[in-house]
There are 2 protein chains.
Amino acid sequence: MSPAERQYQRIAADLRRRIGLGEWQTGDVLPSRAKLAIEYAVDANVLQRAQQLLITEGLLEGRTGSGTYVRRPVPRRAMVRSRIGAPVSFRADLGAIDGTGSWESSTDTNSPAPQRVAARLGVEPGAPTVHTVYEFLIDSQPVLLANSWEPLALTQGSPVICPEYGPLAGQGVVRRMAEIGVRVERAVERTRPSRATATQANLLGVSAGDLVTLIERTHYDQDGRAVETAELVVPDSRWDISYELPIGRQES
Amino acid sequence: MSPAERQYQRIAADLRRRIGLGEWQTGDVLPSRAKLAIEYAVDANVLQRAQQLLITEGLLEGRTGSGTYVRRPVPRRAMVRSRIGAPVSFRADLGAIDGTGSWESSTDTNSPAPQRVAARLGVEPGAPTVHTVYEFLIDSQPVLLANSWEPLALTQGSPVICPEYGPLAGQGVVRRMAEIGVRVERAVERTRPSRATATQANLLGVSAGDLVTLIERTHYDQDGRAVETAELVVPDSRWDISYELPIGRQES
DNA sequence: TCGAATTTGTGCGTATGTATC
DNA sequence: GGATACATACGCACAAATTCG
């Protein structure tokens, strides 16, 4: 079984070729694996492996019970996480780009802080937080997931306790905190590559295991106190993440 | 075959438990698949699948022909890509953290620009560039790969044509460019999740397909001209990437 | 030095689960 | 609810790498 004659790779290459030739157009469904298996005179599972390669490449898309489709190339959008002179905000995550974005959210105003969140906020695990779940939509399709936590102690009793209700709804952490006298001075974003969980994939309309970037962001006030932390799930297929950084006079 | 009774998951969980209990220590080799298969009374391939799960988790490591080992947990190091008041530099990639880092490099002073590099540098594809390949080492082990390109036209005839030779060797792009009157004002970093290629995995001592972050960085001068662009391969298992961002008075 | 035994890694066929139409 | 299609678990055979006599 030398590498040169691996059936599933040979078939994958041939399928790629036929798609390139236009035998199946964008959005078309391929013949079923059973039929293609007969055509290539191999077991259907070999076709599964071949198509899996093209699915990983992003060329095909399998829909259980329906068929295997030629994927419509979705444009990747730019997400500029920091622009010199225009600091990052939740709004910048999406809405600032053009007018087509929107988001849905739901807030729990008394949610116990999970371990990792408590550590980032500098509170005890289980301490009460305001927890908001976001789904950012483009054309009614979720393209970005986010979870945000704020210590309840910080905003309790104030009009800005809910990020998405009240006078400053949807205005972002920085402005809301300013309203109660908290000056947000800096944010730290930790990025790491990951694979979409089944739940995330389902929400985002991608395949489980697809590449995503997890962004873990924490906002700090002038005293170095964490006032908010968030976790973003950014599918690589839809977003192009970049940071613009100023360069000082010289490096140390 | 309901989810509750999937053999390979049950066995993976049990192996995880036994490792947690210390039955096999860090660096130890597990009994062979054949033996474990007999012990669990399943086909050896089921054990292969179970161990594959733990390998993906980073708990085990398979060595062809030798055995399956309990992986030594390598500490993840912090890589702060931008710190307020201390701009990013190649040195900051590694050396600024502590004294243990070093790097090796090789430079080609007349390398035709590949398509994507040319686009980023704003030159014609195939235009001559100074191309430098870096391997960053900790304890003599490569932990970070980088490729850097500069337009040859920029530095030709100057003493700073080679990043890693001459009077300012290893001093970073910003200072070198300052030497020839080019003021680097800003950098843009594009990050995206990816999987390690076989070549990269081999160099980095990780497994092919392991998660990595690709960072594509471009330096611009005061006229908005690209003066250098680089591509970094950062294995997730070893690095924790973060950006520290200033927050302005209020958001737009 | 070399080759046989051992061990991990991979391809592929069969059987079955599960979603869709 | 039945037929169809994709998804996955598992068993077998074999390849590749290592180990050891």
Side-chain angles (χ1 to χ4, degrees), chain A residues 1-13 15 24 27-56 59-71 195-199 201-202 205-210, chain B residues 1-15 24 27-56 59-71 196 198 201-202 205-210:
Chain A
M1 196 181 299
S2 84
E5 48 190 88
R6 280 183 291 191
Q7 301 185 59
Y8 80 98
Q9 288 189 341
R10 177 177 55 84
I11 292 173
L15 289 176
W24 304 292
D28 284 359
V29 58
L30 268 57
S32 76
R33 286 216 280 262
K35 285 179 190 145
L36 286 174
I38 293 171
E39 181 179 336
Y40 284 104
V42 294
D43 185 272
N45 192 26
V46 176
L47 255 111
Q48 150 71 8
R49 299 291 292 273
Q51 292 184 341
Q52 186 57 51
L53 269 187
L54 304 185
I55 287 172
T56 303
L59 183 59
L60 293 180
E61 173 189 357
R63 299 182 201 161
T64 303
S66 174
T68 303
Y69 296 77
V70 180
R71 175 173 271 188
R195 297 182 171 89
T197 65
T199 307
N202 195 38
V206 299
S207 307
D210 277 8
Chain B
M1 197 181 299
S2 84
E5 49 191 86
R6 280 183 291 189
Q7 301 184 62
Y8 81 98
Q9 287 190 342
R10 176 177 56 82
I11 293 173
D14 194 59
L15 289 176
W24 303 292
D28 283 359
V29 58
L30 267 58
S32 75
R33 283 205 311 236
K35 285 178 189 145
L36 285 174
I38 293 171
E39 180 180 335
Y40 284 105
V42 295
D43 185 271
N45 193 28
V46 176
L47 255 112
Q48 151 72 10
R49 298 293 293 272
Q51 293 183 339
Q52 186 57 51
L53 266 188
L54 304 185
I55 288 171
T56 304
L59 182 60
L60 292 180
E61 173 189 358
R63 301 182 200 161
T64 303
S66 175
T68 304
Y69 295 77
V70 180
R71 175 173 270 188
N202 195 39
V206 299
S207 307
D210 277 7

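For the numbers below, each heavy atom of this structure counts, side chains included, while hydrogens, waters and symmetry mates do not. Just so it is clear: chains get the letters A, B, ... in the order the sequence lines come, proteins before strands, and each one is counted from 1. Since this is a predicted model, take the numbers as computed values, not measurements.
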Nucleotide of D:dC6, C:dG13, C:dT10 approaching A:Arg6 most closely (side-chain heavy atoms)
C:dT10

Determine whether A:Asn45 and A:Gln48 make a side-chain contact, defined as any pair of heavy atoms from C-beta on separated by less than 4.5 Å.
yes

Give, for atom OH of A:Tyr40 and atom CD of A:Gln7, the distance between the pair rounded to the nearest 0.5 Å.
12.5 Å

Phosphate contact (C:dT8 OP1 or OP2) by B:Thr68 side-chain N/O below 4.0 Å
yes

Below 4.0 Å: OP1/OP2 of C:dT7 and any side-chain N or O of B:Lys35
yes

Of the candidates C:dT8, D:dT8, D:dA5, the side chain of A:Asn45 sits closest to D:dT8

Using a cut-off of less than 4.0 Å, is there contact between a side-chain N or O of B:Gln52 and OP1 or OP2 of C:dG9?
no

The side chain to side chain contact (heavy atoms under 4.5 Å, CB included) partner of B:Gln51 among B:Leu15, B:Leu59, B:Val46, B:Ile11 is B:Leu15

Assuming nearest nucleotide by heavy-atom distance, tell me which of A:Val46 and B:Glu61 is located more 5' along DNA chain C.
B:Glu61

I want to verify a distance call: between D:dC12, D:dC10, C:dT20, whose nearest atom is closest to the A:Ser66 side chain?
C:dT20

How long is the straight-line distance from CD1 of B:Ile38 back to OG of B:Ser32, given to the nearest 0.5 Å?
7.5 Å

Any base atoms under 4.0 Å from A:Arg63, or only sugar-phosphate, or nothing? Heavy atoms, all strands.
sugar-phosphate

Which one, C:dG13, D:dA5, D:dA17, comes nearest to the side chain of B:Thr64?
D:dA17

Taking OP1 and OP2 of D:dA7, is either one under 4.0 Å from a side-chain nitrogen or oxygen of A:Arg33?
yes

Base, sugar-phosphate or nothing for A:Gln48? Non-hydrogen atoms, less than 4.0 Å.
base

Measure the spacing between CZ of A:Arg63 and OG of A:Ser207 and express it to the nearest 0.5 Å.
10.5 Å

Does some side-chain heavy atom of A:Ile55 sit less than 4.5 Å from a side-chain heavy atom of A:Gln52?
yes

Measure the angle between the two terminal helix axes of the helix from C:dC2-D:dG21 to C:dC21-D:dG2, five base pairs each, and quote it to 10°.
0°

Does B:Val70 reach the side chain of B:Leu60, with side-chain heavy atoms less than 4.5 Å apart?
yes

Considering only heavy side-chain atoms of A:Ser32, the closest of D:dC6, C:dT7, D:dA9 is D:dC6

With the side chain of B:Ile55 defined as its heavy atoms from C-beta on, choose the nearest nucleotide among C:dG13, C:dG9, D:dA9.
C:dG9

